[in-house]
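Reminder, nothing fancy here: chain letters follow the sequence lines and each chain counts from 1.
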There are 2 protein chains.
Amino acid sequence: MTKAHKAAPREEIALRKHTVVRDEILISAARLFAERGYRAVTMDDIAATLQYTKSVIYYYFKNKNEILWQIYCRTFEKYSGDVEAIRDKNETPEITMSLMIRQHALNVMKNPEWAAIYNKEESELNPQQKQQLSRMKRNYDAVFESVFQRGVSDGVFRDIPPHVAVGASLGMCNWLHVWFNSKGSLTADEIADLFASMLWKGYKAENASS
Amino acid sequence: MTKAHKAAPREEIALRKHTVVRDEILISAARLFAERGYRAVTMDDIAATLQYTKSVIYYYFKNKNEILWQIYCRTFEKYSGDVEAIRDKNETPEITMSLMIRQHALNVMKNPEWAAIYNKEESELNPQQKQQLSRMKRNYDAVFESVFQRGVSDGVFRDIPPHVAVGASLGMCNWLHVWFNSKGSLTADEIADLFASMLWKGYKAENASS
DNA sequence: CCTACCGATCGGTAGG
DNA sequence: CCTACCGATCGGTAGG
């Protein structure tokens with residue numbers, strides 16, 4: 001109703017609506033996929049929860065697979081962007097590692113449904129997508145591993161193979177999608193802090209100063 | 001060909017064969033479920049890998065769901081039996097907890113496919129099965145939690161809510177089904193030991209003697 | 001233990 | 001001519 005809105009070109013408004021509807025579909029689909037599993041959800045189910053017809057969904061997404069793949073891509077972009085931002089602050093390995101683990105745990109708890117899909121539905125992707133996902137995962141893990149390796153070199157972390165230390169941490173956090181309860185006695189922040197401190201102790205070298 | 005075999009009654013032989021074939025089907029089915037996902041595997045697929053026809057599978061199992069449920073039950077029985085045996089040795093909380101985490105990690109690594117199914121396909125169970133599974137999981141977690149709680153009472157573990165401490169440990173171990181590689185540089189035993197020691201440090205109370 | 005087939009339901013697409 | 005959608009139905013495949 002403001003002039004600014006009136007002035008916006010037709011295409012921009014259309015694009016904005018397109019984005020809004022795509023997001024809406026992704027969120028609804030993710031909820032259903034997390035609850036019933038990807039294969040058990042029909043395009044009609046997705047459409048019905050939004051009171052659309054199936055054809056509307058096909059207007060916004062090429063097919064069912066593209067919906068799933070978008071969930072994977074957006075999840076990866078969020079997680080990856082967050083840990084890279086932390087890495088780029090150039091703090092000590094201990095502080096960087098703590099912040100990254102904290103952030104990963106928070107991301108899982110903030111969106112447990114998307115985390116569940118990310119961890120369960122890999123077999124539904126096509127070969128090219130699987131390959132790309134495994135590259136994405138390798139890159140993500142590498143960010144953690146290089147920080148851990150620096151900590152080992154500095155003598156502040158125990159000399160554990162980095163992929164084992166990182167696999168342990170990410171596993172601990174990823175499992176939160178199963179049991180974290182947003183109405184539980186502890187908040188997401190409190191759990192994230194506990195995890196970071198437990199792992200920090202588990203990583204610490206015997207002779208490192210506390 | 002020995003007398004002992006000859007002497008076995010017909011029914012016993014039949015029963016033994018029945019058990020062998022059921023096991024064989026479960027193992028094949030589990031491999032396929034883990035690789036492609038339960039819904040993506042057809043009864044024909046399961047039959048084909050064993051060079052049976054689909055009807056043979058239906059002779060040994062009522063339906064596809066019963067195969068999946070058997071995988072759940074057997075997995076639970078193995079895990080549960082192992083940790084209860086450790087609990088019943090009545091060691092200190094620290095030793096008991098270490099042994100239980102070690103055993104859980106080993107069970108995941110010894111059979112990563114069954115662990116993957118156990119953690120991914122819950123949505124394919126029917127309501128009664130889901131309810132029973134959630135009872136089974138609660139019981140399993142309770143064994144760990146009561147040991148942890150004793151450790152807190154004794155002042156050897158930090159005062160963390162037991163379900164958080166246990167969720168962290170089991171998550172760390174369960175995630176092994178994703179990245180553990182039996183041909184990797186570390187053996188399952190070495191990884192299990194590392195996990196137990198990392199968690200033991202993470203649990204330890206500040207003022208506890210080492 | 002196999003062949004043949006069912007009831008149903010799926011993802012995806014047609015014309016208007 | 002393009003966009004956003006609807007009602008109807010396609011070919012193919014699932015468990016049993």
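- Following rounding to the nearest Å, Lys64(A) (NZ) and dG12(D) (P) show an atom-to-atom distance of 19 Å.
- Among the heavy atoms of the strands lying under 4.0 Å from Ser55(B) is at least one base atom, whether or not backbone atoms are also near.
- The NZ-C1' distance, from Lys54(B) to dT3(C), rounds to 11 Å in whole Å.
- Rounded to whole Å, the separation between the P atoms of dG12(C) and dA8(D) comes to 22 Å.
- Nucleotides of DNA chain C nearest to Asp45(A) and Lys62(A) differ in position, and the one nearer the 5' end is that of Asp45(A).
- The separation between Ile46(B) atom CD1 and dG16(D) atom C1' is 13 Å, rounded to whole Å.
- No contact: Val21(A) has no heavy atom under 4.0 Å from any strand.
- Of the N and O atoms on the side chains of Glu24(A) and Tyr52(A), at least one donor lies less than 3.5 Å from an acceptor on the other residue.
- Between the CD1 atom of Ile25(A) and the C1' atom of dC5(D) there is a distance of 12 Å, given to the nearest Å.
- Atom CZ of Arg74(B) has more than 12 neighbouring heavy atoms from other residues, nucleotides or ligands inside a 6.0 Å radius.
- Nearest nucleotide to the side chain of Tyr59(A), out of dG16(D), dG12(C), dA4(D): dA4(D).
- Figure legend: cation-pi geometry between Lys120(B) and Phe33(B) absent, as NZ or CZ is not positioned both under 6.0 Å from the six-membered ring centre and within 45° of its axis.
- Taking side-chain N and O atoms only, Tyr60(A) has a distance below 4.0 Å to OP1 or OP2 of dC5(D).
- Rounded to whole Å, atom P of dG16(D) lies 13 Å from atom CD1 of Ile57(B).
- Across dA4(D), dG15(D), dT13(C), the shortest atom-to-atom separation from the side chain of Tyr58(A) is found for dT13(C).
- Between the CD1 atom of Ile67(A) and the P atom of dG11(C) there is a distance of 10 Å, rounded to whole Å.
- Counting only heavy atoms from C-beta outward, the side chains of Ile71(B) and Glu121(B) never approach each other to under 4.5 Å.
- Scanning both residues, Asn174(B) and His177(B), for their nearest heavy atoms gives O-CD2, 2.8 Å.
- Distance Asn63(A) CG to dC10(D) P: 22 Å, rounded to the nearest Å.
- When the nucleotides dC5(D), dC10(C), dC1(C) are ranked by their closest atom to the side chain of Val56(B), dC1(C) comes out on top.
- Rounded to whole Å, the distance from CG on Asp44(A) to P on dT9(C) is 12 Å.
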